[in-house]
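All values below come from the heavy atoms of this structure, side chains included, with hydrogens, waters and symmetry mates left out. In what follows, chains carry the letters A, B, and so on, assigned in the order in which the sequence lines appear, proteins first and then strands, with residues in each chain numbered from 1.
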There are 2 protein chains.
Amino acid sequence: MVRPIINNVSVDCVIFGFDNTSLNVLLTKRELTDPESGEVILQDYTMQGHHVLENENLDNAAKRVLKDKTGLENIFLKQFHTFGDTDRLLKEKDQLWLKTKFPMVLNHVITVAYYSLVDSTKIKPDHQHQDSKWFPVNDLPELGFDHEKIIKMALEYLQEEIRREPIGFELLPEKFTLTQLQNLYEVILNTALDRRNFRKKVAQMKYVIPLNEKQKGVAHKPAQVFIFSRDVYDRTKKEKLDFSI
Amino acid sequence: MVRPIINNVSVDCVIFGFDNTSLNVLLTKRELTDPESGEVILQDYTMQGHHVLENENLDNAAKRVLKDKTGLENIFLKQFHTFGDTDRLLKEKDQLWLKTKFPMVLNHVITVAYYSLVDSTKIKPDHQHQDSKWFPVNDLPELGFDHEKIIKMALEYLQEEIRREPIGFELLPEKFTLTQLQNLYEVILNTALDRRNFRKKVAQMKYVIPLNEKQKGVAHKPAQVFIFSRDVYDRTKKEKLDFSI
DNA sequence: TTGCTGTTGTGTATTTTTTACACTAAGTAA
DNA sequence: TTACTTAGTGTAAAAAATACACAACAGCAA
């Protein structure tokens, strides 16, 4: 049974991944060629959102988009802003795209934006093609619609959230080293952190648990391997006591 | 010229005010009486959102609602979440209300929620009636739709935001005392603060500026009066340096 | 087997920030 | 003049943040 779409409300999902070097965003290529000359007349990237369906909750729509793009379920997903400027689809190239490919879409679509954090090593192979590609969030390609603005804002919200909640782990494989974790924080917060001080901090986090296991296949001293336990976190968080006033 | 409404998208605005004792929310009474018996069959409060208009930006819709409810413009306004659950208007009493009063409204309306901070002493007299009333956010009356959920979430976002940005001043008159400011923080953060330590903190905030002026008409030592300067704040903020990792 | 390479893992001293705490000053009203 | 109420202030102790350098380990190449 196919449910009809709500034609003025969509969901966009900024999919963040981490490759030990940079924080990346998964984007989908958009391309138009002139049917006569075969010339490429439009080429850029977008997040390829989806319209919300009749009788579908927003969060479910976001999960659906994420599943579609990555094949993954039960992924960290956070709504952060809704974009509804009346001119957000009106740039010439975007109108050209919409008229050509989606003539039924309105000129004013409100999009509810989410960001998600995925362990990019987990993305299933059949989702690797699809004209989808990872781009460093600090070095984005040309983007369609208002997607650059959306991604920039997603990053800002992520930077705030990661100071409050242990969500960085969502971007790492289940087992990780402290250096990986530190790199992650450095990249997201865009700052250098002292290794010893960082480790002291992590040592206080009872929910970051060392395993009796070492890194393998590296040509240097292998690091100890850790896991994150949401269980322990939930049981020990209590009060966050970080009043900044 | 009246623009038509977008019938599945609305804007709700949680209007916060402060009366030196509690943080309050401005709510509007909703009432239905049986046309025959005259008996009250529905009575509660809502935020009385408005639908977004064709060709209207979301932020402008929120400003319009705020203007309508308070008579004020240029007020602090922050979008914090969009609520789109399919069942959010389906409670029996809400359906009764909608069918009676707004038969054209759909069963599934997505609402973009904002919160605003107003100096409640500024609300113009002609906006005082209107069945609108202030309620302490910790002691809300019975509410319609999902408005309790929305208000609770607004408070959470406000609590986060006020730790990062100097937005508390929006709730105070232009001139205020440090005790007022402290009460405000205590009420919003729901915690007790030490007076001396609080004042030390504020003393570091160059944008909280003492005037050569004292409180008047109080039966005790009058307090010094301060103003907040957004100008100074903007010029001195630079880096926030509050990395919690 | 030895040594080279590259990364891991660790402790301490200093500075900064946060916390806890109690008395005098100023004005009004009786 | 006194009583009442809130304003305004400093210091010591504890906790948190910062800065900083070297030995240990594994793989690899000679």
Side-chain angles (χ1 to χ4, degrees), chain A residues 19-21 162-164 166 172-173 175-187 189-206 208-227 236-245, chain B residues 18-21 162-164 172-173 175-187 189-206 208-227 236-245:
Chain A
D19 61 7
N20 280 333
T21 306
I162 205 172
R163 291 164 200 223
R164 286 195 298 267
L172 294 174
K175 298 176 180 184
F176 54 85
T177 70
L178 294 186
T179 300
Q180 281 179 293
L181 187 63
Q182 182 177 343
N183 287 343
L184 176 64
Y185 274 88
E186 291 187 335
V187 163
L189 296 177
N190 193 28
T191 188
L193 299 171
D194 178 86
R195 186 143 48 108
R196 280 185 276 200
N197 295 336
F198 181 82
R199 282 160 186 253
K200 261 181 281 183
K201 272 276 182 168
V202 175
Q204 294 164 209
M205 303 173 182
K206 301 302 186 197
V208 179
I209 301 171
L211 300 183
N212 283 329
E213 192 176 328
K214 291 199 180 297
Q215 211 179 11
K216 275 174 202 146
V218 288
H220 55 74
K221 178 171 176 177
Q224 185 162 25
V225 165
F226 289 76
I227 58 168
T236 57
K237 62 178 167 184
K238 294 179 183 158
E239 291 308 317
K240 286 306 192 36
L241 55 138
D242 65 335
F243 303 117
S244 15
I245 191 147
Chain B
F18 177 65
D19 62 6
N20 281 334
T21 306
I162 204 172
R163 291 164 199 225
R164 284 195 298 267
L172 294 175
K175 298 176 180 184
F176 53 86
T177 69
L178 294 187
T179 299
Q180 282 179 293
L181 187 63
Q182 181 176 344
N183 287 342
L184 175 64
Y185 274 88
E186 290 186 336
V187 163
L189 296 176
N190 192 29
T191 187
L193 299 170
D194 178 87
R195 184 142 51 108
R196 278 185 278 199
N197 295 335
F198 181 83
R199 280 159 187 255
K200 261 181 282 182
K201 274 276 181 166
V202 174
Q204 294 164 209
M205 303 173 184
K206 301 302 186 198
V208 179
I209 301 170
L211 300 182
N212 283 329
E213 193 175 325
K214 292 199 181 297
Q215 210 180 12
K216 276 173 202 148
V218 288
H220 54 75
K221 177 173 176 177
Q224 184 161 26
V225 165
F226 290 75
I227 57 168
T236 58
K237 62 178 163 182
K238 294 181 183 157
E239 291 309 316
K240 287 304 192 38
L241 55 138
D242 64 334
F243 303 118
S244 16
I245 192 149

**OP:** Could you tell me whether the phosphate oxygens of D:dT9, OP1 or OP2, come under 4.0 Å of any side-chain nitrogen or oxygen in B:R195?
**Re:** no

**OP:** Report yes if at least one side-chain N or O of A:R196 is closer than 4.0 Å to OP1 or OP2 of C:dG11; otherwise report no.
**Re:** no

**OP:** Output all residues satisfying side-chain hydrogen bond (donor to acceptor under 3.5 Å, both in side chains) with A:Q215, sequence neighbours left out; order by chain, then residue number.
**Re:** none

Subject >> side chain to side chain contact (heavy atoms under 4.5 Å, CB included) against B:K214, all qualifying residues, sequence neighbours excluded >> reply: B:P222

Subject >> Separation of A:D19 CG from A:L184 CG (nearest 0.5 Å) >> reply: 10.5 Å

Between N or O atoms, less than 3.5 Å apart, protein on one side and nucleotides 25-27 of chain C on the other: list the pairs.
unit_1	atom_1	unit_2	atom_2	d
C:dA26	N3	B:K221	N	3.3
C:dG27	N2	B:A219	O	3.1

Original post:
Passes side chain to side chain contact (heavy atoms under 4.5 Å, CB included), A:R199 versus A:L193? Steps please.
Top reply: CA-CA 10 Å; A:R199 282 160 186 253; A:L193 299 171; over 6 Å; no

Original post:
side chain to side chain contact (heavy atoms under 4.5 Å, CB included) with B:K175: which residues, sequence neighbours excluded?
Top reply: B:L211, B:E213, B:V225, B:I227

Original post:
Between D:dA17 and A:K201, is there an OP1 or OP2 to side-chain N/O distance shorter than 4.0 Å?
Top reply: yes

Original post:
Which part of the nucleic acid does A:Q215 contact within heavy-atom distance under 4.0 Å: base, sugar-phosphate only, or nothing?
Top reply: nothing

Original post:
How would you list, by chain and number, every residue that makes a ring-ring contact (aromatic ring centres under 6.0 Å, His included) with A:F176, sequence neighbours excluded?
Top reply: A:F169

Original post:
Looking only at heavy atoms, what is the nearest atom pair of A:L178 and A:F198, with distance?
Top reply: O-CE2, 3.8 Å

Original post:
What nucleic acid atoms does B:T177 come within less than 4.0 Å of, heavy atoms only: base, sugar-phosphate, or nothing?
Top reply: nothing

Report each atom pair, protein N/O against N/O of nucleotides 12-16 of chain C, whose distance is under 3.5 angstrom.
unit_1	atom_1	unit_2	atom_2	d
C:dT12	O4	A:K200	NZ	2.8

Original post:
How would you list, by chain and number, every residue that makes a side chain to side chain contact (heavy atoms under 4.5 Å, CB included) with A:D194, sequence neighbours excluded?
Top reply: A:R196, A:N197

